[in-house]
Each structure stands twice: as structure tokens, then as C-alpha cells.
Amino acid sequence: MSCLFCSIAEKRVPASVVYEDEDTLAFLDVNPMAPGHTLIIPKSHAETILDLEEDKLGLLIEAVASVEKLIFESLKPSGFTWGVNQGKISGQEVPHLHIHLVPRFPGDGGSSFQGLVKNIPKESIKEIAAKINPKNG
Ligand code: 5GP
Ligand code: ZN
């Protein structure tokens with residue numbers, strides 16, 4: 001199977017790497033939304049979080065935090081937005097799990113995450129909670 005981000009993780013395709021550890025690689029997005037827009041990936045292939053080995057998710061989040069610290073100290077943004085597109089409907093183009101880390105600067109034209117989707121539920125919040133987890137709903 002050919003996967004672009006597996007190829008980047010294996011250093012067969014070049015990328016501007018800003019962080020690496022045993023399980024994780026972080027590199028700048030080739031089409032950045034902002035200075036320092038970074039993609040953080042698990043080195044082992046997983047299409048979404050649901051496919052990732054359980055013990056790898058914590059490591060991935062820890063790596064995002066490490067990259068955020070590096071960017072905070074170097075580029076000095078005012079804040080950050082994290083984003084994970086999962087599935088075609090969400091706009092996932094590369095089917096290898098990646099977390100977008102977008103540094104936020106004054107006047108960057110962006111909005112908050114809550115502005116992304118407008119699909120107000122017809123059922124009550126309690127009903128939906130009960131569907132998701134009947135124990136707690
Ligand atoms: P998605 O929509 O799947 O969440 O985002 C994929 C991201 O990967 C896009 O923002 C796109 O610019 C980035 N991208 C696609 N191909 C490459 C590449 O070859 N190298 C790098 N560094 N980024 C890429
Ligand atoms: Zn892959």
C-alpha cells in the first residue's frame with residue numbers, strides 16, 4: 001500500500017521536520033494556513049484515531065504538546081488551534097492520521113472551531129448522551 005505520510009515517516013519523501021521521536025514525526029504543512037502550521041503523525045500507519053493502536057494515542061498527544069511548546073517559544077503566536085479531519089466528509093485528504101497544529105496570530109482571519117459545522121440536533125442533549133452511553137445518559 002502506498003501512503004504519502006508513511007513515505008514521509010520513512011524519509012522516502014522529503015519534509016520540513018520540526019520534531020521527531022520513536023513513534024511520532026512532526027513536519028510543516030506544504031500548504032500552510034499560517035506560519036508554523038504543522039502536521040503531527042504517528043509513524044505507524046492508521047487512517048483515523050479509531051485505527052490507531054491504543055498505546056500510541058497518548059504518545060501522539062504528548063508530541064503535539066512538545067511541538068506546540070517549540071512553536072510557542074520560537075514564533076511566539078498568541079494561541080493555537082488543533083484540528084483532526086477524520087473521514088472524507090470532514091475533509092480528510094491524506095488517509096494517514098495527522099493532527100494539524102495551527103499557530104494563531106492577531107488578524108489571521110480565522111475563526112473558532114465551533115464555526116465549522118451547523119447541524120443543530122433535533123433530539124435533546126440528554127437523549128443523545130443516552131444513545132452514546134446508556135450508562136451515563
Ligand atoms: P487533510 O485535509 O487530510 O486533513 O490535510 C492534509 C494536509 O496535508 C493538507 O493541509 C496538505 O497541505 C498537506 N499535504 C499534502 N501533501 C503534502 C506533502 O507532500 N507534504 C507536506 N508537508 N504536506 C502535505
Ligand atoms: Zn500511512
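Numbering of ligands and ligand atoms starts at 1, following listing order.
- The protein heavy-atom contact nearest to atom 22 (N) of ligand 1 is Leu28 O, 2.9 Å.
- Closest N/O/S atom of His45 to the Zn ion (ligand 2): ND1.
- Between Val94 and ligand 1, an N or O atom pair is found at a separation short of 3.5 Å.
- Scanning the protein heavy atoms around atom 23 (N) of ligand 1, the nearest turns out to be Val30 N, 3.3 Å.
- Heavy atoms of Asn31 found under 4.0 angstrom from ligand 1 belong to the backbone as well as the side chain.
- Ring planes of Phe5 and His98: perpendicular class, angle over 60° (limits at 30 and 60°).
- Within ligand 1, the atoms closer than 4.0 Å to a non-hydrogen atom of Asn85 are 1 (P), 2 (O), 4 (O), numbered from 1 in the order shown.
- Contacts between Leu4 and ligand 1 below 4.0 angstrom, taking non-hydrogen atoms only, involve the side chain exclusively.
- One hydrophobic cluster, built from ILVMFWY side chains closer than 4.5 Å, cannot hold both Ile49 and Ile41; they sit in different ones.
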Begin with the C-alpha distance, continue with both residues' side-chain angles, and end with the deciding distance and a verdict on side chain to side chain donor-acceptor pair (under 3.5 Å) for Arg104 and Ser78. CA-CA 6 Å; Arg104 299 299 300 267; Ser78 305; over 6 Å; no

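- Considering only heavy atoms from C-beta on, Val18 comes within 4.5 Å of Val67 through its side chain.
- Here is the list of ligand 1 atoms found below 4.0 Å of a heavy atom in Gly91: 1 (P), 2 (O).
- Side chain to side chain, Ser112 and Gln114 meet the donor-acceptor criterion of an N or O pair below 3.5 Å.
- For atom 9 (C) of ligand 1, the choice among Thr38, Asp29, Val84, Leu97 with the nearest heavy atom turns out to be Asp29.
- Checked for salt-bridge contact, Lys131 and Glu123 meet the test: a charged N lies under 4.0 Å from a carboxylate O.
- At the Zn ion (ligand 2), the angle from SG in Cys3 to SG in Cys6 is 120° when rounded to 10°.
- In terms of protein heavy-atom proximity, atom 3 (O) of ligand 1 is nearest to Glu93 N, 2.6 Å.
- Taking the Zn ion (ligand 2) as reference, the nearest N/O/S atom within His96 carries the name ND1.
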For Lys43 and Glu20, run salt bridge (Lys or Arg N to Asp or Glu O under 4.0 Å): C-alpha distance rounded to whole Å, both residues' side-chain angles, the deciding distance at 0.1 Å, then the answer. CA-CA 10 Å; Lys43 286 183 176 173; Glu20 180 168 16; 2.8 Å; yes

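- The CZ atom of Phe27 sits 5.0 Å away from the CG atom of Leu39 when rounded to the nearest 0.5 Å.
- Ligand 1 places these atoms under 4.0 Å from at least one heavy atom of Phe5: 8 (O).
- Within ligand 1, counting atoms from 1 as listed, the ones closer than 4.0 Å to a heavy atom of His98 are 1 (P), 3 (O), 4 (O), 5 (O), 6 (C).
- Formation of a donor-acceptor pair under 3.5 Å by the Gln92 side chain with backbone atoms of Val94 is found in this model.
- The closest approach between any non-hydrogen atom of Ala15 and ligand 1 is not below 4.0 Å.
- Residue-environment remark: CZ (Phe105) exceeds the threshold of 12 foreign heavy atoms within 6.0 Å.
- A heavy-atom separation below 4.0 Å is found between His100 and ligand 1.
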